[in-house]
Amino acid sequence: MEAAAKGAVVLGNLAEVVERVLGFLPTKALLRAACVCRLWRECARRILRARQRVAWVSALEPGPADSHALVRALARELEKVHVLPQTVLYIADAETFSGHEECHEQKKARKRNSKETAIALEKLLPKRCQVLGLVTPGIVVTPMGSSSNQPQEIEEGEAGFALLFPKIDGVKIHTFHFSKDLKNRVFDESKFAEAGLKNNPDLRVVLLFGYNSWKSGATRFLHQIVNPLNEKSIILAGGQVESFTSLTSENNNAQPGDACGVVGLAFSGPQIQSATVLLDQDVADERTAEAAMQRLKAANIPERNTIGFMFACVGRGYRHYKTKRNMEADAFRKFFPNVPLFGFFGHGEIGCDRIVTGNFVLRECNDIKDDLLHGYTTVMTLIHLGSTKANQV
């Protein structure tokens, strides 16, 4: 009995040492180490369960024409990240990802390359990972390395980012897709429940992205999706994008080249807190931009384990602010220096001034439903995913 007790102590101490050492490894190396023996595998599982902070990969510099900068950055940085992604949202610039050459034959070739690029990105990620990929006219991204890095508004040129969401205790993230039925003008609202957007008391945030907004009936269809979800206890934010390139929950052969629709991410969990503010056309200088950020700051959303999103019109940026670049991203960083910011410049914005906090009571006096669809505006959003574990690696 005494020998068995000593053996248990030795094994316990050994497991503690192994876990401490393995804790320094990035996820890919940790998964390889888990194949060594049962003890290492159990240690690796405990480490991965504790890694619940969102990570990201950003690409800000163009490179060789054979692949998009985001593909190269993701292939390189996934060897270093310390999370196992379960859901990934990536956004890349439309100009270099999809191509917009005037020649019809060249455009067809670029469209094939767009699909190949999307497949190349998906192959880099775990097989069971949900992936939602979008292309937009411009990108808002925080460089890698630290959440306090200066976010950049990249309105022209090659850029992109990938947000890597691990499994987080008390938080459920899932993708959804609603495509316009050309034969039926009425949307079947039972699809909301199937997607977890209705009869879900834990639903807190819905990010929505309309695609092919130039198609006939696209705006009406977007209203059919947004209006039923316009509840005071749910944050809605997003915008109109060029197209979506990845949605791994569906058959890629069903890619809607001529259809229009809405894709998105839904965040559910009682610990989630969120807030949005709308910067309308009157916000046109540094003072008014900072006043909008003060409204967002007043929501008192916890800033640790929080992500910022910026969904702006292509007509804003340096053109709107009289050639001064990065105005809104700089204003955000002034009030939220440790919250990373991501987003895009698109063709229309979704959102309003709304706060959903710990007790899930909206702090506003207006009982009239907010108008959520806008143009020539910016929607700023904070999403807090709950407090992270004290023993997080």
Side-chain angles (χ1 to χ4, degrees), residues 53-63 67-78 80-81 83 85 87-98 117-118 121 124-125 131-165 207 209 237-246 265 279 289 293 303 306-314 316-318 321 324-347 349 378-383:
R53 294 291 298 275
V54 177
W56 70 92
V57 173
S58 52
L60 292 86
E61 298 294 334
S67 64
H68 193 275
L70 183 57
V71 177
R72 298 189 298 275
L74 198 61
R76 180 179 66 249
E77 297 300 326
L78 280 178
K80 307 175 186 178
V81 298
V83 299
T87 304
V88 172
L89 170 65
Y90 76 79
I91 303 180
D93 70 287
E95 183 178 1
T96 60
F97 196 98
S98 300
T117 304
L121 283 167
L124 294 171
L125 298 164
V131 183
L132 175 59
L134 311 170
V135 293
T136 61
I139 302 295
V140 180
V141 58
T142 298
M144 292 177 291
S146 171
S147 58
S148 60
N149 285 341
Q150 175 71 50
Q152 302 293 318
E153 299 176 15
I154 303 176
E155 300 178 57
E156 298 170 349
E158 189 170 351
F161 65 84
L163 280 171
L164 313 176
F165 295 92
L207 299 182
F209 310 107
Q240 302 270 21
V241 301
E242 289 279 337
S243 63
F244 79 87
T245 54
S246 292
L265 289 177
L279 285 66
M293 301 308 156
E303 295 178 25
T306 295
I307 309 166
F309 286 99
M310 172 179 163
F311 305 116
C313 176
V314 289
R316 292 181 75 87
Y318 73 90
Y321 288 102
K324 186 168 183 180
R325 294 181 179 270
N326 230 62
M327 175 74 79
E328 292 173 347
D330 287 348
F332 179 89
R333 186 170 186 266
K334 180 176 180 178
F335 289 90
F336 304 97
N338 296 309
V339 177
L341 182 67
F342 305 93
F344 59 75
F345 290 88
H347 303 297
E349 302 77 59
T378 297
V379 174
M380 287 287 191
T381 305
L382 292 175
I383 302 178

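All values reported here derive from a predicted model rather than from experimental measurement.
Closest approach of Val83 and Ala55 over heavy atoms only: CG2-CB, 3.8 Å. Shown here for Glu153 and Ala329, the closest heavy-atom pair between the two residues is OE2-N, 2.8 Å. Looking at every heavy atom in both residues, Pro151 comes nearest to Pro143 through CA-CD, 4.4 Å. Considering every non-hydrogen atom in both Ser148 and Arg333, the closest pair reads O-NH2, 2.8 Å. Residues Pro340 and Thr306 share a closest heavy-atom pair of CD-O, 3.6 Å. Closest approach of Thr136 to Ile91, counting heavy atoms only: OG1-CG2, 3.6 Å.
The side chain to side chain donor-acceptor pair (under 3.5 Å) search around Ser147 returns none, not counting sequence neighbours. Looking at residues two or more places apart in sequence or on another chain, you find a side chain to side chain donor-acceptor pair (under 3.5 Å) between Arg72 and Ser67. Every side chain to side chain donor-acceptor pair (under 3.5 Å) that Asp330 has, sequence neighbours left out, goes to Gln150, Asn326.
In this structure the side chain of Thr117 never reaches within 4.5 angstrom of the side chain of Leu70, judged on heavy atoms. The shortest side-chain heavy-atom distance between Leu382 and Val339 falls under the 4.5 Å cut-off. You'll find the side chain of Phe345 reaches within 4.5 Å of the side chain of Met310, heavy atoms only. Taking the side chain as every heavy atom from C-beta outward, Phe309 and Leu89 approach each other to under 4.5 Å. For the pair Thr378/Glu349, no side-chain contact is recorded, criterion being any heavy-atom separation below 4.5 Å from C-beta on. Side-chain contact check for Met293 versus Lys334: every heavy-atom pair is 4.5 Å or farther apart. Inter-residue side-chain proximity for Glu328 and Tyr321 is flagged as met; some heavy-atom pair is nearer than 4.5 Å.
Taking OG1 of Thr381 as the reference point, atom CG of Leu207 lies at 7.0 Å (rounded to 0.5 Å). With rounding to the nearest 0.5 Å, the separation of CE in Met380 from CZ in Phe336 is 9.5 Å. One distance of note links OG1 of Thr87 with CG of Leu163; it measures 11.0 Å at 0.5 Å rounding. Atom CG of Leu60 and atom CD1 of Ile139 lie 10.0 Å apart (nearest 0.5 Å).
By the 30° and 60° cut-offs, the orientation of the rings of Phe161 relative to Phe342 is tilted.
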- Message: Could you walk me through whether His68 and Leu121 satisfy the side chain to side chain contact (heavy atoms under 4.5 Å, CB included) test, starting with their C-alpha distance in whole Å, then the side-chain angles of each, then the deciding distance to 0.1 Å, before giving a yes or no?
- Response: CA-CA 10 Å; His68 193 275; Leu121 283 167; over 6 Å; no
- Message: Between Tyr90 and Val57, is the side chain to side chain contact (heavy atoms under 4.5 Å, CB included) condition met? List the steps.
- Response: CA-CA 9 Å; Tyr90 76 79; Val57 173; over 6 Å; no
- Verdict with reasoning, Phe344 to Glu242, per side chain to side chain contact (heavy atoms under 4.5 Å, CB included): CA-CA 11 Å; Phe344 59 75; Glu242 289 279 337; over 6 Å; no
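The main-chain N or O of Gly317 is never found under 3.5 Å from a side-chain atom of Glu155 such that the two would form a donor-acceptor pair. Remark: side-chain polar atoms of Thr142 are not paired, donor with acceptor, to backbone N or O of Asn149 under 3.5 angstrom.
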